[in-house]
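Owing to the predicted nature of the structure, the values given are computational and were not obtained by experimental measurement. We count residues from 1, following the sequence as given. Both ligands and their constituent atoms are indexed starting at 1 by order of listing.
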Amino acid sequence: MPKKQTDIVLVGAGIMSATLAAMLKELQPDMTVEIFELLDAAAEESSNAWNNAGTGHAALCELNYTPQNPDGSVGIARALTVNTQYDLSQLFWAYMVRKGAMGDPDSFIHNVPHISFVWGDENVTFLRKRYDAMSAHHCFKGMEYSEDPAVLEGWMPLVMQGRDPLQRVAGTRMITGTDVDFGAVTRNLLAYLRSQPGVNVSYSHKVTNLRRTEDGDWSVSVKDEKSGQTRTLFAKTVFLGAGGGALKLLQKSGIEEGKGFGGFPVSGIFLQCDNAELVARHDAKVYGKASVGAPPMSVPHLDSRYVDGKRSMLFGPYAGFSTKFLKHGSVTDLFSSIKPDNIGPMLAVGRTNMDLTKYLVGQVLESKEHKYNALQDYFPSANPDDWKFIVAGQRVQVIMPDQKAGGKLQFGTEVVSSADGSLAAVLGASPGASVAVAVMLDVLGRLYKDKLAGWAPKMTEMIPSYGKSIADDAELCHTVRSYAADVLKLAKIE
Ligand SMILES: Cc1cc2nc3c(=O)[nH]c(=O)nc-3n(C[C@H](O)[C@H](O)[C@H](O)COP(=O)(O)OP(=O)(O)OC[C@H]3O[C@@H](n4cnc5c(N)ncnc54)[C@H](O)[C@@H]3O)c2cc1C
């Protein structure tokens, strides 16, 4: 049998692989690309609209990106990074929409104002300081602040009606916030890719093993889940965009850079409401403050959602504990990921994250009644009969080796790659799908270092701010945001 050879194998048909493949085919149209997906369709794990919250994370409303410093001031550096990373996604989507390669923006993105909402003196003081720091920067131009219940009721009637009038409250609002159906983004990109020469997308195909060959290629074993047959193909480059499945494959690859990494799964539950009368009265993503010990992505929020042309509401997430690494995974995932090289970091993380453990145990034991009480903190007159529980996607938080502490738990996204630039994996889940393009630019830099200079003109066509800083250049920020908003049919700040 002749060796089946391809330029790149991408494992998983979620937003990360779809984004990387789409960028690569633009940069080098003759590249041969094989995408393997274990399930029988694209975006059925974390990238599915109902497995995540669909927030276009731009740090407009999520308080975890603006920590309070020991001197009481509020830091906005992390918020600026996330904010401008999200611009890169919108710019790339705008390019693909203009090219006719991504469908109508209505199929995947909508404006939904992003609101931060807090109560109590201490939290109100924090929010005011955060507003002062953020609104002074051009990236957050247009942010509004109010402590007036009447103004806040105009922004979010369901959140304000029935609330104790003596409670001190405050909110900020950005009308440029978005709700994104990341499942639709993924499917739209893959539909286009499948029409391109040299691209194969195989569903119900599980990548079971990876091995370096003597000539430096990767030998990739793939099992057809329907026929049970396994075949091998050879690739110069491998991208592990397997979400919760990436850690196991990284371990199988045996690359030195993957040693010591582990994963800690956190499952999520949302409440969903389809009552049209209520849904029509809420047009916002309202993010509050996290409880003590809660991981940053567990901040409660009440969201308007647009999925498959239908509006609805979501509240959550409630964290849970499951040993699975994928929603469709196995309960043995956590145990089988423990290896001699990561047991030290994993134990160290267990020892030093008692607040998180307590929080998770509390969430798992929480009764349905308590869960509804949490909803009523944000929507005081909510009626449980209007809401149903749905199981969200599985997140695998990254545990990484750390010289000082032995191991550290990481809530962000981590790219791990081999020194020779032949394999890269994306671990972790936050800020997640929103920053897929920024993460893939990092991946491209690691896998195709020598080609980047030659690709720069095309890169600039795809992402007009490529190589420049939107955070440092107010005029550039205004120009590219205006352009992306026009193409994606979104609101803009003049
Ligand atoms: C509860 C929750 C809320 C979130 N909210 C947001 C949000 O509001 N905004 C945001 O931007 N991000 C959010 N995220 C994060 C975001 O969903 C993820 O970062 C993103 O979807 C990850 O995309 P991915 O392509 O890496 O993974 P996935 O979408 O999980 O895709 C990986 C694919 O790989 C496949 N696979 C796994 N192993 C194999 C194998 N061996 N062979 C073949 N295929 C394999 C899987 O079946 C899966 O389809 C949230 C995540 C969760 C869980």
Polar proximity ligand 1 side, Glu37 side, N/O cut 3.5 Å exclusive: yes

Contact atoms of ligand 1, heavy-atom distance to Gly393 under 4.0 Å: 53 (C)

Per-atom contacts, ligand 1 versus Phe182 - under 4.0 Å to a heavy atom: 9 (N), 10 (C), 11 (O)

Under-4.0 Å heavy-atom contact with ligand 1, by part of Asn51 that carries it: backbone

Glu44 contact mode with ligand 1 (heavy-atom cut-off under 4.0 Å): neither

Polar contact flag for Ala433 and ligand 1 (N/O pairs, less than 3.5 Å): yes

Heavy-atom side-chain contact between Lys492 and Arg481 under 4.5 Å: no

For ligand 1, the portion of Val11 having any non-hydrogen atom under 4.0 Å away: side chain

Ionic contact status for Glu26 with Lys99, cut-off 4.0 Å: yes

Contacts of Lys371 that satisfy side chain to side chain donor-acceptor pair (under 3.5 Å) - sequence neighbours left out: none

Leu39: numbered ligand 1 atoms lying under 4.0 Å from its heavy atoms: 47 (O)

Side chain His137, main chain Cys139, donor-acceptor under 3.5 Å: yes

Gly12: numbered ligand 1 atoms lying under 4.0 Å from its heavy atoms: 33 (C), 34 (O), 35 (C), 44 (N)

Nearest candidate to atom 51 (C) of ligand 1, where distance is taken over non-hydrogen atoms, out of His301, Arg395, Glu225: Arg395

Option nearest atom 37 (C) of ligand 1 (shortest heavy-atom distance, choices Pro317, Ala242, Gly428, Ser202): Ala242

Proximity to ligand 1 by part of His57, non-hydrogen separation under 4.0 Å: side chain

Ligand 1 atoms in contact with Leu249 (distance to a heavy atom under 4.0 Å): 41 (N)

Flag side-chain contact, heavy atom, 4.5 Å: Trp93 against Pro105: no

Heteroatom proximity flag, Met16 to ligand 1, N/O under 3.5 Å: yes

Option set Val222, Leu10, Asp303, Val207, criterion heavy-atom distance to atom 41 (N) of ligand 1, minimum: Val207

Contact with ligand 1 for Val426, non-hydrogen, under 4.0 angstrom: no

Of all pairs that satisfy salt bridge (charged side-chain N to carboxylate O under 4.0 Å, His left out), the ones with a partner from residues 247-268, not counting sequence neighbours: Lys248-Asp333, Glu256-Lys259

Nitrogen or oxygen atoms of Lys206 and ligand 1 under 3.5 Å apart: no

Within-cut-off N or O pair, Gln394 and ligand 1, under 3.5 Å: no

Heavy-atom nearest neighbour of atom 50 (C) of ligand 1 within options Asn52, Ile15, Leu427: Asn52

From Gly243, Ser47, Ser434, Gly316 - option closest to atom 22 (C) of ligand 1 by heavy atom: Ser47

Part of Ala392 within contact of ligand 1 (heavy atoms, under 4.0 Å): side chain

Per-atom contacts, ligand 1 versus Phe36 - under 4.0 Å to a heavy atom: 43 (C), 44 (N)

Part of Val180 within contact of ligand 1 (heavy atoms, under 4.0 Å): neither

Min N/O separation Ala53 to ligand 1 under 3.5 Å: yes

Electrostatic pair Arg173:Glu144 at N-O distance under 4.0 angstrom: yes

Enumerated ligand 1 atoms positioned under 4.0 Å from heavy atoms of Leu326: 37 (C)

Protein residue, atom and distance nearest to atom 31 (O) of ligand 1, heavy-atom basis: Gly14 CA, 3.5 Å

Lys223 atom NZ, over 12 foreign heavy atoms within 6.0 Å: no

Residue-ligand contact His205/ligand 1, heavy atom below 4.0 Å: yes

Stepwise side chain to side chain donor-acceptor pair (under 3.5 Å) test for Asp87 and Gln85: CA-CA 5 Å; Asp87 282 311; Gln85 283 182 332; over 6 Å; no

Other residues, nucleotides, ligands: >12 heavy atoms within 6.0 Å of Asp420 CG: yes

Closest protein heavy atom to atom 15 (C) of ligand 1, given as residue, atom name and distance to 0.1 Å: Ala429 O, 3.2 Å

Atom 17 (O) of ligand 1: nearest protein contact (heavy atom, Å): Ser46 O, 3.1 Å

Intermediate values then yes/no, side chain to side chain donor-acceptor pair (under 3.5 Å), Gln90 and Tyr86: CA-CA 6 Å; Gln90 288 206 343; Tyr86 182 55; 3.1 Å; yes

Ring centers of Phe117, Trp155 separated by less than 6.0 Å: no

Identity and separation of the nearest protein heavy atom to atom 19 (O) of ligand 1: Gly432 CA, 3.1 Å

Closest protein heavy atom to atom 45 (C) of ligand 1, given as residue, atom name and distance to 0.1 Å: Leu38 CB, 3.7 Å

Ring geometry between His57 and Tyr65 (parallel below 30°, tilted from 30 to 60°, perpendicular above 60°): perpendicular

Numbering as shown, the atoms of ligand 1 that approach Thr55 to under 4.0 Å (heavy-atom distance): 7 (C), 8 (O), 9 (N), 10 (C), 11 (O)

